[in-house]
Structure formats: C-alpha cells, structure tokens
Amino acid sequence: MSEYYNVSEIFGENVFNDTVMRARLPKKVYQQLKRTIEEGKDLDPATADVVAHEMKEWAIEKGATHYSHWFQPLTGVTAEKHDSFITAPGEDGKALMSFSGKELIKGEPDASSFPSGGLRATFEARGYTVWDCTSPAFVRQDAAGATLCIPTAFCSYTGEALDAKTPILRSMEAVNEQALRLIRLFGNTTSKKVFPSVGPEQEYFLVDRKKYLKRKDLIFAGRTLFGAMPPKGQEMDDHYFGGILERIAAYMKEVNKELWKLGVTAKTQHNEAAPAQHELAPIYASCNIAVDHNQLIMETLKKVAGRHGMTCLLHEKPFAGVNGSGKHNNWSLTTDDGINLLEPGDTPHENVQFLLVLTCMLKAVDKHAELLRESAADVGNDHRLGADEAPPAIVSVFLGEQLEDVLSQLISTGEATSSLDGGVLQTGVKNIPDFAKDATDRNRTSPFAFTGNKFEFRMVGASDSIAAPNVVLNTIVAEAFSDACDILEKADDFEMAVHDLIKEQATAHQRIVFNGNGYSKEWMKEAERRGLPNICSMVDAIPALASEKSVSLFEKFNVFTRTELESRVEVLYENYAKAINIEARTMIDMAGKQIIPAVIKYTTSLANSINAVKAACGADVSVQTELLMETSRLLAEAKQALTRLTEVTTRAAVMEEGREQAVFCRDRIITAMDALRAPVDQLEMMVDKEMWPMPSYGDLIFEV
C-alpha cells in the first residue's frame, strides 16, 4: 500500500532551523545567534556552548549518535568526519554525551589529503573546518543511523580557502555591499541586505543497478566509453514530459520525502529529453543555502536510487547520441524585504533602477565572458557544450524582444519611451479562456538568458557544484555595481548621470546580446566577428581563472587571493588529466579483458561454423565468410587502436602534472580513445548479443 504523509508536517523536520532555535534556545541566546547569522556579529564562547548543547539534545532526539563537520573541498563533492557525542564514562560506567561550543565552531580534518594545488604540502596536515551558521545544521538519517551534519567552511592552517563555501560567502558579502550602495542611490533606505537568490535545475539519468555493475566504464568513469546507438533514441520526443514509469515515480516520491525532511524545497520533477533522463528543480534559496542544498540533492538522488535497485548517473554525457545533463543556474538579486532587483515591472522602459541593473549585468558578462565560461568548465561538459543539445561554448546574453527593443531605443535615440506588450493569446477554442502572453519568448540555445525576473546560466554541468559559477556571477556583478556607484555618487545631476550611464553601458556591451539560434553556424561566424570568445575545451578555459584581469577582480573584492586562484588552476589541470587517464585506462581494461576476447570467441565460433557447413554439405557460406572477414578486420583495427591508446596513456603517466599534461591528454589520449571506440561500436552491431560482454545502450536506457 502506498505511503501517505503530510508535506507541511515533515518539511524541515530534520533541520535545526529558525523555528527549532526559537523554541529551544533561551531568548537572549537566540537573539545573539540571529545577530551572528544576519549581521556577522561574533558569537561568544558561552553562547556557543548553549547553542551546541541544545543542538546536540535535539539531534539525539532524532536518533543521532554522531556529529560531523560537513564541508565541500575542491573534489567537487562533500566530505565529512564523524565523531560520536560520547565522552569518557562517569564513575558509574555509563556513557556521557556532550557537545561543546568549541566542537561546534571548529573542527580539524587532515588538509593535506585534499586537492590544494600546492597550497598545502603532504607533510603540512593541519586544516580547519569552521561553522557556517548561515546554513542550518541538519540530521541525516540513513543505514549508518542518524548523524548531526554541521555545514562548515574549510581553510588551511595559513588561512587560504580550500573549499567551495568560503568563496561563496565572500562573494555574497561583496555583491551585498555594492548592491546596497546602488539601491541607496535610488532612495531605498529600508532594505538592510541584498543577497543572490539561486534555483538550480538538476538533470540526471537512472539505470538498472544490475546492468550498471556489468559496465566498468559506468563504474569507473561515470559514462559509457563504448556503446552503439539502439534503433531508437530520443528522435520521437516521446520521453520528454511523458508519463513517469511507476518504478521511477516511486523513486521520485522517496527522493522528495528525503529532501523535504532536510528542508530542501524540491518542487518540479519530470522526464527529460533523453530516454532514462529526468529532472528535479527546487524553489529559489539564498545562494549559500542553494549551493548546500544542491549537494544534498545530488547525494540524495544517488543514495535513494540504490534502494530502488537503480543507479543515478550525474555525468554530463553518460550516453553518446542522446542529450546529456546540465544544471541550469537561475540567478537573481533579492533584498531582505522581498524586492527583486531584476524585476522589470510592466513598463521596463520607465524602471530606471532595473535598466541600470540590467546594463550592469551586460557589462559584467561581456567583460568577464572567459571567466564565466571557465566557471562551467568540466571534463564531462566538454562533451555537451556546443553539441546542439546545450548552449554553445560562446557566452552571450538573451534578453528577448521586449528588453532588446528598450535597449535599442536607448542606444539609437538616448531615451526609451515604450515597452512592447505581450498581448493576448487566443487559442481559437471557445472553452479555453484567452490570457495575457509574456512579452518575450524563451531561448533554449542561449547560455545566459533573461527569463522574466532572473538570469538563467545554462552552461553548468550536471555533476558540478554550483559554487564556482555563482562565485563568478556574484563577483563580476559586484564589480559592475561598484563601477556604476563610483560614477553616480559623484554626479551633480543624478538623473542625467544615470540616464547617460545606462545608455553608455547598453551601447558599449550590445555585442554580448544575441536573441537568435545559438546552434546555427551563422552565429559562430557572427560571434567571431563581434570578438566574442569561443572556448570549446576545459583546458583552454582554465587560464581565465588566474588571468591578471581575474586576479584584479577577485582581490579587489576579497573573494580570492592570487595564490588561491593559482592553486585552483593547478587543481583543475590535475583533475582534467586524472579524469582522462581513468577513462583511458578503463577503455584499455575493457577492450583487453572483455571486448577483444569476446570478439575472438565469436570469430572462432563463426569460423568453426563455416568449416562445419562446408564439410557437411558444401553449401554456400559466402555470407558467413564475408561477416568473418569484416569482423576480423574491425578486430585488427581495434587491437591496433588499443596498442596506440596504451602507448599514449603510459606516456602521459610520467609527465609532470600541469597544463602540458592536460593538453597532451586532450590532444593525444582523447584522439586515441575515439580511434578505439569507433571499431568497437561497429563490432557491437555484428557480434552475437549473447557473446557481447556488457549491456547495450538499449538495455540501459530503455529497460529501467
């Protein structure tokens, strides 16, 4: 029988949220903690001890036996070390349970074993996790029992950020400070804080776990390195938004329940474009919390899949020939009293503050297009961007007809006097009411699209943390706001100055605006004519992170130091080379131990069959012979390609880590991998299915 529950009753039940704190903490302690959360005030040790005690008592009531500082190192996933609440037994021999303010605020994992890009040597082990009180603690319940998880930042002994959270918090402070400067110029004296509001859509694939375990490439690389397309892919568009299978629906139901208990506002679920592909989207949250929640979403998707006999694949391109998975990062700016700075209103041409914010956004994206592209750079994303299934690798901004018309008026005449109206949509069916249309259509080919009251950054890969793109967005917008305020705060005539600045920015950065088909060859040529960068590879995107322009940007707003940026560059090059090396070695293993032996077995069986038929009756065996010859030819081609891949992989392994190794992997190893895959995929279509050593694409994506 299906389980029923009241969402409003279970939502946030495992979160140490404001309601819990207000109920459990003494009023004075609660008020001081709120000041720390909202204003960054210091938390004195005595207050921290009270908070820690109540947090522990609450967690124990939820069944928790351990606590963990939950952090996000430069691995792209989360990390945790569990400590029990047990202290030394008392005289009666019974265990005592305690948790101090010091244990709440600070932890000390080994910093040398995480990627640091040279910030920490192997022998320099000390690092600190520090409580981020702006993101609520939560209790995670699973097969290990219940654990109190405390979101934390992670830094080195010398203070450098070794994680994704610290830069997010720094960038949020930067954009808050500059946005407050801007809205004060327009007379807003009541809003106390401006924060980035983020809603990331999460795409993923589900495959049967038994079949998954028969594919070494899925296990080790997260994607299929071999695989011929089945007779049907996604060309009929029948999976997209189609009816959800019961097995998948049951999985989605449990995912929702798990997330709701953790306070994650899972809102939308549906089938995506490719077979076996799906999507989950939450409601918007403050940027820092949205980053944490997206990590919880990815962890929950994978964990719950196992309970249902499935495996969740978050790789950007787990299957060639069908759409890959992205993570659309919806970003806006909101004040603490509910004002969205990207809300144009009914007459955007009259909304001067919005037009200034909008043109600042254009300036930010145009000036730092390479950096924004780098923030979405990922090994898996190289298979997706520019493949007519996701945005191109060229960064551009879609504004839609209404806003583009307003900007055109500003640029051509210096003044916008009207805004296009969406009009009324008439369906022609009497039973269906007419309704007001939006003034602008959507554009799924745009990497950075305005969608009503937010920007949707569509480049981000499905497996990535959304921290990096949001750090970049927050910081480049902070810079654009700062530049604008520097001018406007000195102006004698504010209205004239802001009018001139909007026109100037719209004119100077109109090249970044493109409303057309981002998949077209014509756009590639036009983008080149406009001078927009087209960065197709992660390896070529990485240098933008530590360019002089980026260093100046991040240091000005105290988001990254030069050292932190250079270390991240090294981590990214190493991660790229390591990922390609794993894929290459997996292909070598699969081809050498599974595929080539299976093909030899098949050709041997075929040859024996030919000889047997000849000996028995002398019948025509030309078809069998032709098949044997073609299979043998492809087998020889595969063996030659395997030898070449082995050679270049061995060569890469002895190279010094860094850009040179990453470039070699991209140019030489990937080429050799493609050369091995081509004959193997042809062989899969010829060899007896019973002899083929692994499940096919059809088995994986159509038999979930």
Side-chain angles (χ1 to χ4, degrees), residues 1-14 140-143 199-215 218 222 224 230 232-285 293-316 318-319 322-328 330 389 462-463 695-704:
M1 186 175 179
S2 180
E3 177 190 8
Y4 293 94
Y5 46 83
N6 188 319
V7 176
S8 62
E9 291 179 359
I10 68 168
F11 187 83
E13 70 175 28
N14 286 346
R140 187 180 57 206
Q141 297 167 327
D142 52 30
E201 304 165 25
Q202 179 69 57
E203 295 176 345
Y204 61 96
F205 280 82
L206 290 171
V207 296
D208 184 85
R209 184 157 184 81
K210 291 181 180 178
K211 295 170 186 173
Y212 163 86
L213 292 173
K214 294 178 180 179
R215 299 268 330 198
L218 287 180
T224 52
K232 178 187 176 185
Q234 65 185 62
E235 57 269 31
M236 298 302 293
D237 299 321
D238 52 346
H239 184 72
Y240 190 52
F241 277 51
I244 300 172
L245 298 175
E246 285 201 9
R247 184 182 187 187
I248 306 301
Y251 162 79
M252 289 178 169
K253 179 181 179 181
E254 185 173 356
V255 166
N256 286 333
K257 183 179 180 182
E258 291 282 331
L259 291 175
W260 289 335
K261 288 163 66 177
L262 294 172
V264 180
T265 55
K267 173 74 172 177
T268 302
Q269 60 189 34
H270 61 84
N271 290 347
E272 253 299 333
Q277 187 185 32
H278 312 278
E279 181 178 300
L280 182 153
I283 299 172
Y284 293 81
H293 281 184
N294 186 248
Q295 290 289 352
L296 287 174
I297 286 171
M298 291 191 287
E299 291 175 7
T300 303
L301 287 171
K302 290 188 285 188
K303 177 178 67 176
V304 174
R307 299 175 188 167
H308 290 257
M310 296 183 290
T311 295
C312 175
L313 304 177
L314 294 175
H315 193 283
E316 286 72 23
F319 303 102
V322 297
N323 278 16
S325 295
K327 180 151 37 190
H328 300 169
N330 296 281
E389 63 178 63
S463 67
S696 67
Y697 270 24
D699 298 330
L700 288 164
I701 64 178
F702 285 105
E703 299 179 13
V704 181

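Here the side chains of Lys327 and Asn294 are in contact, with some heavy-atom distance below 4.5 Å. Within the 4.5 Å cutoff, the side chain of Leu314 has heavy atoms near those of the Gln202 side chain.
Of all the heavy atoms in Val322 and Pro275, the pair that sits closest is CG1-CD, 4.2 Å. Contact between Pro282 and Ile297 at its shortest, heavy atoms only, is CG-CD1, 4.2 Å. In terms of heavy-atom proximity, Ala305 sits nearest to Cys312 at CB-N, 3.7 Å. Trp260 and Val7 make their closest contact through CZ3-CG2, 3.5 Å (heavy atoms, listed as atom of the first residue, atom of the second, distance). Between Pro230 and Ile701, the closest heavy-atom pair is CG-CD1, 4.5 Å.
Take Asn256 and apply the side-chain hydrogen bond (donor to acceptor under 3.5 Å, both in side chains) test, not counting sequence neighbours, and it matches Gln269. Qualifying salt bridge (charged side-chain N to carboxylate O under 4.0 Å, His left out) partners for Lys303, counting only residues two or more places apart in sequence or in other chains: Glu258. For Phe319, the ring pair (Phe, Tyr, Trp, His ring centres under 6.0 Å) partners at least two apart in sequence or on another chain are Phe205, Tyr697. Here Tyr240 pairs with nothing under the ring pair (Phe, Tyr, Trp, His ring centres under 6.0 Å) rule; sequence neighbours left out. The salt bridge (charged side-chain N to carboxylate O under 4.0 Å, His left out) search around Lys261 returns none, not counting sequence neighbours. In this structure, the side-chain contact (heavy atoms from CB on, under 4.5 Å) partners of Gln295, at least two apart in sequence or on a different chain, are Trp70, Gln72, Thr78, Met298, Ser465. Residues satisfying the side-chain contact (heavy atoms from CB on, under 4.5 Å) test with Tyr212, not counting sequence neighbours, are Val207, Arg209, Leu218, Ile219, Thr311, Leu313. For His239, the ring pair (Phe, Tyr, Trp, His ring centres under 6.0 Å) partners are His278, not counting sequence neighbours. Take Glu203 and apply the salt bridge (charged side-chain N to carboxylate O under 4.0 Å, His left out) test, not counting sequence neighbours, and it matches no residue. With sequence neighbours left out, Lys232 forms a salt bridge (charged side-chain N to carboxylate O under 4.0 Å, His left out) with Asp238.
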Trace of the salt bridge (charged side-chain N to carboxylate O under 4.0 Å, His left out) decision for Arg307 with Asp142:
CA-CA 11 Å; Arg307 299 175 188 167; Asp142 52 30; over 6 Å; no

Is there a side chain to side chain contact (heavy atoms under 4.5 Å, CB included) between Leu280 and Met252? Walk through the geometry before answering.
CA-CA 9 Å; Leu280 182 153; Met252 289 178 169; over 6 Å; no

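Other residues, nucleotides and ligands place no more than 12 heavy atoms under 6.0 Å from the CD atom of Glu246.
A salt bridge (Lys or Arg N to Asp or Glu O under 4.0 Å) check over residues 695-704, counting only residues at least two apart or in different chains, returns the pairs Lys211-Glu703, Lys689-Asp699. Residue pairs meeting the salt bridge (Lys or Arg N to Asp or Glu O under 4.0 Å) criterion with at least one partner in residues 262-273, sequence neighbours excluded, do not occur; the list is empty.
Shown are Glu254, Lys253, Met310; of these, the side-chain contact (heavy atoms from CB on, under 4.5 Å) with Val304 is made only by Glu254.
Separating the CG atom in Leu259 from the CG atom in Leu301 is a distance of 7.0 Å, to the nearest 0.5 Å. The line from NZ of Lys257 to OG1 of Thr300 is 13.5 Å long, rounded to the nearest 0.5 Å. Within the model, atoms CG of Asn330 and CD1 of Ile283 stand 13.0 Å from one another, a figure rounded to the nearest 0.5 Å. The distance from atom CD1 of Ile10 to atom CG of Leu262, rounded to the nearest 0.5 Å, is 10.0 Å.
Between the side chain of Glu201 and the backbone N or O of Glu279 there is no donor-acceptor pair closer than 3.5 Å. Of the possible donor and acceptor atoms, none in the side chain of Asn14 sits under 3.5 Å from a partner among the backbone N and O of Arg140.
Using modelled atom types and a 3.5 Å distance limit, the side chains of Ser463 and Glu316 yield a donor-acceptor pair. In the model, Gln234 has a side-chain atom that pairs as donor or acceptor with a side-chain atom of Asn323 under 3.5 Å.
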